[in-house]
Amino acid sequence: MRIVGLTGGIASGKSTVSNLFKAHDFPVVDADLVARDVLKKGNTGWKKVVSAFGDDILQPDGEVDRPKLGQIIFSNPEKRKLLNRVLAPYIWFGIVWEVLKLWMEGFKIIVVDVPLLFEAKMDKWTKPIVLVWVDSETQLQRLMLRDSTSEDDAQNKINAQMSLDLKKSKADLVIDNTGSLKDLREQFRSILVIVTKPLTWTEFGFSRRGVALFLLSIVVGVLMYFQSSLY
Ligand SMILES: CC(C)(COP(=O)(O)OP(=O)(O)OC[C@H]1O[C@@H](n2cnc3c(N)ncnc32)[C@H](O)[C@@H]1O)[C@@H](O)C(=O)NCCC(=O)NCCS
Ligand SMILES: Nc1ncnc2c1ncn2[C@@H]1O[C@H](COP(=O)(O)OP(=O)(O)OP(=O)(O)O)[C@@H](O)[C@H]1O
């Protein structure tokens, strides 16, 4: 099994690239969706976050007031560390669970879209790592436009993450999304060629078929051993 890591910075274009993967029938695990589920009212992540941050971060219906929690964590590094510490194990488990379900369905190539892949040290589980890079001015402008936020708020969010240049030095493949959507689609085509290369032996060994073959060879080996010991 090949687990492709898709990462980038806030508003660098990960969801746009993830949609291209989906359009080519790749299964995509979205860490933001997993994190949303973890934070749903009544779930363990919700309980932990309420006990760490207090009832003030809740809406009248008991759900987490996401913009309010965002305001707190994006302007305060200590609070951000606290939230990350509280939620990280549940998000990690949620991603592994989603990957496992797709593995059981027999998918050989799975894309995991994790904004904080390097920050959360999940990079060692994915190969290749595709980074969606964008220059800092374009990132700021796209974030302000998409979320209708002020420049200060948008910059706080960008500063809360590892710089895209540092991520670039750690990634295997880089998509420069500073240009148009047409440019992006062209680069995506080259990425697709690399991502769909035949599985290595190790990747095949971890695929559902590889594991089944391994178990079958053990069963056959044991049967042959007993048959030969009868004569
Ligand atoms: C703070 C929250 C409630 C704000 O919710 P909101 O709906 O406004 O934003 P959303 O979840 O869509 O996140 C948007 C982007 O913010 C960035 N981001 C989210 N959390 C963090 C964080 N802890 N540190 C840095 N960047 C973050 C990511 O790039 C993400 O794609 C939410 O982002 C959250 O629960 N964050 C903690 C969980 C987490 O780490 N998520 C990232 C998954 S790897
Ligand atoms: N090449 C492009 N040209 C113009 N706009 C783009 C381009 N790529 C993405 N966008 C726009 O930029 C914004 C951010 O893109 P997107 O939502 O894909 O980023 P993201 O990395 O998934 O963000 P987040 O980390 O917040 O989930 C969106 O409004 C999207 O439509």
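We count ligands from 1, going down the list as the structure has it; atoms in each ligand are counted the same way.
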Sub-4.0 Å heavy-atom contact, Pro115 with ligand 2: no
Plane angle bin for Phe204 and Trp201 - parallel if under 30°, tilted between 30 and 60°, otherwise perpendicular: perpendicular
For atom 8 (N) of ligand 2, closest protein heavy-atom neighbour: Asn177 ND2, 3.0 Å
Contact check: Gly179 vs ligand 2, nitrogen or oxygen atoms, below 3.5 angstrom: yes
Test item, Gly8 contacting ligand 2 (heavy atom, 4.0 angstrom): no
Point-to-point distance, once rounded to the nearest 0.5 Å, from NE2 of His24 to CD1 of Ile109: 12.5 Å
Part of Ser180 within contact of ligand 2 (heavy atoms, under 4.0 Å): backbone
Under 3.5 Å: N/O of Arg80 near N/O of ligand 1: no
Numbered atoms and elements of ligand 2 in range of Ile10, under 4.0 angstrom, heavy atoms: 25 (O), 26 (O)
Ligand 2 versus Leu145: contacting region, heavy-atom distance under 4.0 Å: neither
Parallel, tilted or perpendicular, as decided by the 30° and 60° cut-offs, for the rings of Phe21 and Phe26: perpendicular
N or O contact, Asn84 vs ligand 1, cut-off under 3.5 Å: yes
Subset of ligand 1 atoms that lie under 4.0 Å from at least one heavy atom of Leu39: 35 (O)
Glu119/Lys167 ion pair, N-O < 4.0 Å: yes
Closest candidate by heavy atom, reference atom 22 (O) of ligand 2, pool Ala11, Ser15, Ser18: Ser15
Where ligand 1 meets Ala160 - atom numbers and elements under 4.0 angstrom, heavy-atom basis: 25 (C)
Point-to-point distance, once rounded to the nearest 0.5 Å, from CG of Leu164 to CD1 of Ile158: 8.5 Å
Proximity flag Leu181 to ligand 2, non-hydrogen atoms under 4.0 Å: yes
Any non-hydrogen protein atom less than 4.0 Å away from atom 27 (O) of ligand 2: yes
Distance from atom 4 (C) of ligand 1 to nearest protein heavy atom, with residue and atom: Arg66 O, 3.8 Å
Location of contacts on Glu119 toward ligand 1, heavy atoms closer than 4.0 Å: neither
Lys101 with Glu105: basic N within carboxylate O range, under 4.0 Å: no
Side chain Ser207, main chain Lys108, donor-acceptor under 3.5 Å: no
N/O donor-acceptor pair under 3.5 Å between Trp103 side chain and Ile110 backbone: no
Distance-only N or O hit between ligand 1 and Lys14, under 3.5 Å: no
Closest candidate by heavy atom, reference atom 24 (P) of ligand 2, pool Arg142, Arg146, Gln161: Arg146
Proximal ligand 2 atoms for Lys14, defined as those under 4.0 Å from one of its heavy atoms: 18 (O), 19 (O), 20 (P), 21 (O), 22 (O), 23 (O), 24 (P), 25 (O)
Atom pair CG (Leu131) and CZ (Phe118), whose distance is rounded to the nearest 0.5 Å: 6.5 Å
Val64, portion touching ligand 1 at heavy-atom distance under 4.0 Å: neither
Closest approach of any protein heavy atom to atom 30 (C) of ligand 2, naming residue and atom: Thr16 OG1, 4.2 Å
Atoms of ligand 2, numbered as shown, that sit under 4.0 Å from any heavy atom of Asp32: 27 (O)
